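First the structure, in the form of structure tokens, and then the observations on it.
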Amino acid sequence: MKRPSHLTLGQIFAAPLVVAVISSLGLVSALVGDGLWDSLSWAALAVPVFLYFLFLWWRKPR
Amino acid sequence: MLLLCITGLPLIFHEEIDDVLHSQVKPAEVPPGTPQADLDKLLANAMAQKVGHVPHFLIWDRDDPNAMFVSVGPTITSNPVNNVLVRMDAHTGAYLDSPDVTGRFTYIMLKLHTDMFAGLPGKLFLGLMGILMCIAIISGIVVYAPSMRKLSFGTYRAGRTRVVRWLDVHNLAGILLVAWTLVVGFTGVINTWADLVLKMWQFGQLAEMTAQYRDRAVPTHLTSLNAAVEVAAHAVPGTTPSFVAFPGTIFSSKSHYAVFLKGDTPLTSRLLKPALIDAETGKLTDTRDMPWYVTTLFVSQPLHFGDYGGMPLKILWALLDVITIVILVTGLYLWLRRRKTGVSVERAIAQSSRDAPAMSS
């Protein structure tokens, strides 16, 4: 895999920011209502959990 | 922090754990739409079980619409922390049980989690720990940048030594969970101030609402509880009662039933609104929205507990909590390693790597 040279702050924080915004939406949406809002919250809060396991499994020793 | 994450884990599922560990008398099965029991009768039945006690609060069970609680203490001024809960059938008004919860696993976890059995000082201490954790998270975001300068998002160098792998796990999990840990951490801090917030409300808005009653004699005979709840519920349409504070308790004046009403969405069901009913005449004295500092407390509760989106949200909450424990353990390891060897983690990584040039200056 090609190692990227020095990244800018924008590049470093772009993906984390997207995850943070998605999880914040998940935190709020279940407060707003039931039913669909709850499902939206589950999906959004599952994103960081899913990514955590994805990255760990994905990059297991070859 | 580790203690808080570990004791918090079973608390997410406290209802389910209590259900499994402790049997309780089931309320009568009733068809939907069955009217509620007359509250005066229900109260009389409860007090008949607890002779020598006085009622402090009447509480509708959030989780079981068929049950209610009467919280009783030895005197009206006794500390409600030591109150006994009497469970009642919401439809028949019959006595169900009065379990001693203080020996329960969930109760011990709750005490360890909230005040370490040390009362208000314990709470404020844990609140301070929470603030430190929020600061640690923010400083973690700051040091995330230099540590990821040459790595792409989600890097996990699985083939490398433990310190590299654990640093990667710490960075990955920490940055993925940053929104959740900050929200749960900060709302937890706000929860530790609950006692102070309620004191503020008591001496602020509650005192204001009941100012004209300050010098009034304590009513000798209380009007109907049932009627008081009905008057309150009619005063604020679209709400249902959550709990009633009896005259003389910390949540009311000496002359009022304070009926706390809640809305019907996940958010508004947390935003309690007090309606004060004159316990001598049965008439409404005043009803107001809570001031902002109480509203903040009410909103921060579900966001800390994770109990506002059904079982899937609880499971996610538990997974996020477990990953937070991973962040804490890997962080502790990285810190201890640096302390022990006096060598920074970056340098250790640089030394252990065969292909990459030294990263730290």
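So that the names make sense, note that chain A is the first sequence line, chain B the second, and so on, each numbered from 1. In this text the structure is predicted, and so the values were computed from the model without any measurement.
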Mind running side-chain contact (heavy atoms from CB on, under 4.5 Å) on B:Leu172 and A:Leu56 for me, showing each step along the way?
CA-CA 9 Å; B:Leu172 170 65; A:Leu56 289 193; 4.0 Å; yes
Check step by step if side-chain contact (heavy atoms from CB on, under 4.5 Å) holds for A:Leu31 and B:Leu303.
CA-CA 9 Å; A:Leu31 272 183; B:Leu303 285 172; 4.1 Å; yes
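With a 4.5 angstrom heavy-atom cutoff, A:Val19 touches chain B only via side-chain atoms. Contact annotation for B:Thr155: both backbone and side-chain heavy atoms come within less than 4.5 Å of a heavy atom of chain A. Contacts of B:Ile141 with chain A are made by both backbone and side-chain atoms, with heavy-atom separations under 4.5 Å. Interface remark: B:Pro302 contributes side-chain atoms only to the contact with chain A (heavy atom separation under 4.5 Å). Heavy-atom distances place the side chain of B:Val326, and not its backbone, under 4.5 Å from chain A. Interface residue A:Leu9: only side-chain heavy atoms are found under 4.5 Å from chain B. Looking at A:Val32, the atoms closer than 4.5 Å to chain B (heavy atoms on both sides) all sit in the backbone: N, CA, C or O.
Considering only residues two or more places apart in sequence or on other chains, B:Asp321 meets the salt bridge (Lys or Arg N to Asp or Glu O under 4.0 Å) condition with none of them. Every residue two or more places apart in sequence or in another chain that forms a salt bridge (Lys or Arg N to Asp or Glu O under 4.0 Å) with B:Lys314 is listed here: B:Glu15, B:Glu16.
Of the listed residues A:Leu51, A:Ile22, A:Leu54, the one with more heavy-atom pairs under 4.5 angstrom with chain B than any other is A:Leu51. Interface summary for chain B: among A:Val28, A:Leu27, A:Asp38, the most heavy-atom pairs under 4.5 angstrom belong to A:Leu27.
Counting heavy atoms from C-beta on, the side chains of B:Leu313 and A:Ser41 come closer than 4.5 Å. Two residues are said to be in side-chain contact when any heavy atoms from C-beta on lie closer than 4.5 Å; A:Phe55 and B:Phe153 meet this criterion. Put simply, the side chain of B:Val169 reaches to within 4.5 Å of the side chain of A:Tyr52, judged on heavy atoms. Between A:Ser24 and B:Val183, the closest side-chain pair of non-hydrogen atoms is not below 4.5 Å.
Rounded to the nearest 0.5 angstrom, A:Gln11 CD and B:Arg149 CZ are separated by 11.0 Å. With rounding to the nearest 0.5 Å, the separation of OG in A:Ser23 from CG in B:Leu316 is 11.0 Å.
By the 6.0 Å contact criterion, CH2 on A:Trp37 is open, its count of non-hydrogen atoms from other residues, nucleotides or ligands being 12 or less.
Closest heavy-atom contact between B:Ala179 and A:Ala20: CB-O, 3.6 Å.
A donor-acceptor pair is defined here as one N or O able to donate and one able to accept, closer than 3.5 Å; such a pair exists between the side chain of A:Trp42 and the backbone of B:Gly309.
Using a 30° and 60° split on the angle between ring planes, A:Phe13 and B:Tyr144 fall in the tilted class, from 30° to 60°.
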